[in-house]
Number of protein chains: 2
Amino acid sequence: MQNSFTEENYLKIIHALSGRDGLEVSTNALAESTSTRAASVTDMLRKLAEKGLIHYKKYQGVRLTESGEKVAINVIRKHRLWEVFLVEKLGFGWDEVHDIAEELEHIPSDHLVERLDSFLGHPRFDPHGDPIPDAKGNLTEPDYLILTDVEIGEKVRMMGVLDHAPSFLQHLDRAGITLGCILEIKEINEYDKSASVQIEDKQTLFISLEVSKNLLVQRR
Amino acid sequence: MQNSFTEENYLKIIHALSGRDGLEVSTNALAESTSTRAASVTDMLRKLAEKGLIHYKKYQGVRLTESGEKVAINVIRKHRLWEVFLVEKLGFGWDEVHDIAEELEHIPSDHLVERLDSFLGHPRFDPHGDPIPDAKGNLTEPDYLILTDVEIGEKVRMMGVLDHAPSFLQHLDRAGITLGCILEIKEINEYDKSASVQIEDKQTLFISLEVSKNLLVQRR
DNA sequence: AAAAAAATTTAGACCAACCTAAAAATTGAT
DNA sequence: ATCAATTTTTAGGTTGGTCTAAATTTTTTT
Ligand SMILES: [Mn+2]
Ligand SMILES: [Mn+2]
Ligand SMILES: [Mn+2]
Ligand SMILES: [Mn+2]
């Protein structure tokens, strides 16, 4: 029995919401993320439980089973590989690829995914810095810092984003903040908690707290 | 209002069945091609007519409108471009790509198609020799001959296939008949109407009538 | 021109994925 | 511990795309 487009999306979202410790996900949270109503989510949860893809007890929230986890991670693998393709091969900006990948991730051919992966040179990360699961379904989240946790004077490398919204990514483009670039925190401005950040040893600019909260970085 | 996956498939199939002169297509023919029942086809035709995509009068068969033709040709463009991608970039065989392209053809981004087209170098033909419509929707079917219409002694170039079934394409692979290769009809065998054909000035082999009927070629 | 055969449409139903409104269970506050 | 607020589920309905069976129209044969 094949999983539908919609089922795959639910599984992917349950995976995202349950975080790295596989916490229980609530019906309302799913309704929010899927842009549907709680009643519709309940219907779908019954079906996914029926198929053995989630652990579900009424009123108790939901977790992925082994097999649900496998499906979810495979969808994530496809999503991120296609994003790499769109950026690296077709020249899209990192702010343009999410919605297209949201469709491509449901194309159902293992053969296709493996060939795409090798065509792309087995990339480890997608254009937003998110790790790409391997063919066996291993997904290791690197533990990056959030820019707000970095001390004044430290130099860090920009490794990823928490917010994937086009408007956020475009804002980073305008600021010259790209994946891999070096950032140095010069000071934290008392007034609005913004950070003065020097980018690639060149210009220094104000980064709002809102932005800092969404930047993943690594000490070096 | 967007067209669904299913609607696009109907339009594409109506296009294919109505041929180059835009003949009327019957309900039963569509049921056959869509692997559904005539009753289901009738339902869908009412909907497509509602949306202005087809000309449909009860019991009278169906033709595409201008706007239906545009949609159909765009789906065909996407199908064939993705097939080129799968063969040229991912290394699939020409016998493996149809089903995957059948899914990819419904990914709805004009931006994506145009970038894919230029990534592929604006190919004119797909891996089966079928012409790829341009971005404006112009589709010109080259007028090839069928191998059965070629006289003994003539040399022709192999330009395409009528049957796209994997088993047929694999049979051609085993025979060494590839797109662009030169074929010379040595004789027609009385017994089974098979043709003795010399391939690329090398080995000569028997080509059954069944196969000959499905090979498109060009005089040279 | 009638009857028979074939093609097509209508009627009535099903399933997936959604909805609203109402009922039930859980959580949290006093 | 009770009551109120919140969350979740159930009940009943809609839409898209499909089905079977029956009715209707068209085509073919006699
Ligand atoms: Mn994405
Ligand atoms: Mn991404
Ligand atoms: Mn298709
Ligand atoms: Mn093709």
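Predicted model, so just to flag it, every value in this text is computed and none were measured. Just so it is clear: chains get the letters A, B, ... in the order the sequence lines come, proteins before strands, and each one is counted from 1.
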Round to the nearest Å and state the distance from [X] atom [atom1] to [N] atom [atom2].
| X | N | atom1 | atom2 | answer |
| --- | --- | --- | --- | --- |
| B/E32 | C/dT8 | CD | C1' | 16 Å |
| B/R46 | C/dT10 | CZ | P | 7 Å |
| B/L45 | D/dG16 | CG | P | 16 Å |
| A/E50 | C/dC15 | CD | C1' | 14 Å |
| A/K57 | D/dT7 | NZ | C1' | 18 Å |

Partner of B/N3 by side chain to side chain contact (heavy atoms under 4.5 Å, CB included), out of B/N74, B/L48, B/N9, B/L53: B/L53
Qualifying residue, where the test is side chain to side chain contact (heavy atoms under 4.5 Å, CB included) with B/H55 and the options are B/L64, B/T65, B/V62: B/T65
Phosphate-side-chain proximity, A/Y56 and D/dT9, N/O vs OP1/OP2 below 4.0 Å: yes
D/dT26 phosphate, OP1 or OP2, under 4.0 Å from B/K58 side-chain N/O: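 No, because none of the side-chain N or O atoms of B/K58 sits under 4.0 Å from OP1 or OP2 of D/dT26.
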What does the list of N/O pairs under 3.5 Å between the protein and nucleotides 3-7 of chain C look like, with a distance for each?
none

Enclosure of B/K51 NZ (heavy-atom neighbours >12, cutoff 6.0 Å): yes
Quick test: give all pairs of protein nitrogen or oxygen and nucleotides 18-20 of chain C nitrogen or oxygen below 3.5 Å, distance rounded to 0.1 Å.
unit_1	atom_1	unit_2	atom_2	d
C/dC18	N4	A/D43	OD2	3.1
C/dC19	OP2	A/R37	N	2.9
C/dC19	OP2	A/S40	OG	2.5

Residue whose closest nucleotide on DNA chain D lies nearer the 5' end, B/E7 versus A/V41: A/V41
Minimum side-chain heavy-atom gap B/P131-B/L139 below 4.5 Å: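 The answer is yes, as the side chains (C-beta and beyond) meet within the 4.5 Å cut-off.
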Side-chain heavy-atom pair A/D130, A/H164 within 4.5 angstrom cut-off: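 Side-chain contact under 4.5 Å: yes.
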Is [X] salt-bridged to [Y], going by a charged N under 4.0 Å from an acidic O?
| X | Y | answer |
| --- | --- | --- |
| B/E69 | B/R63 | no |
| B/K12 | B/E102 | yes |
| B/E114 | B/R77 | yes |
| B/E105 | B/R80 | no |

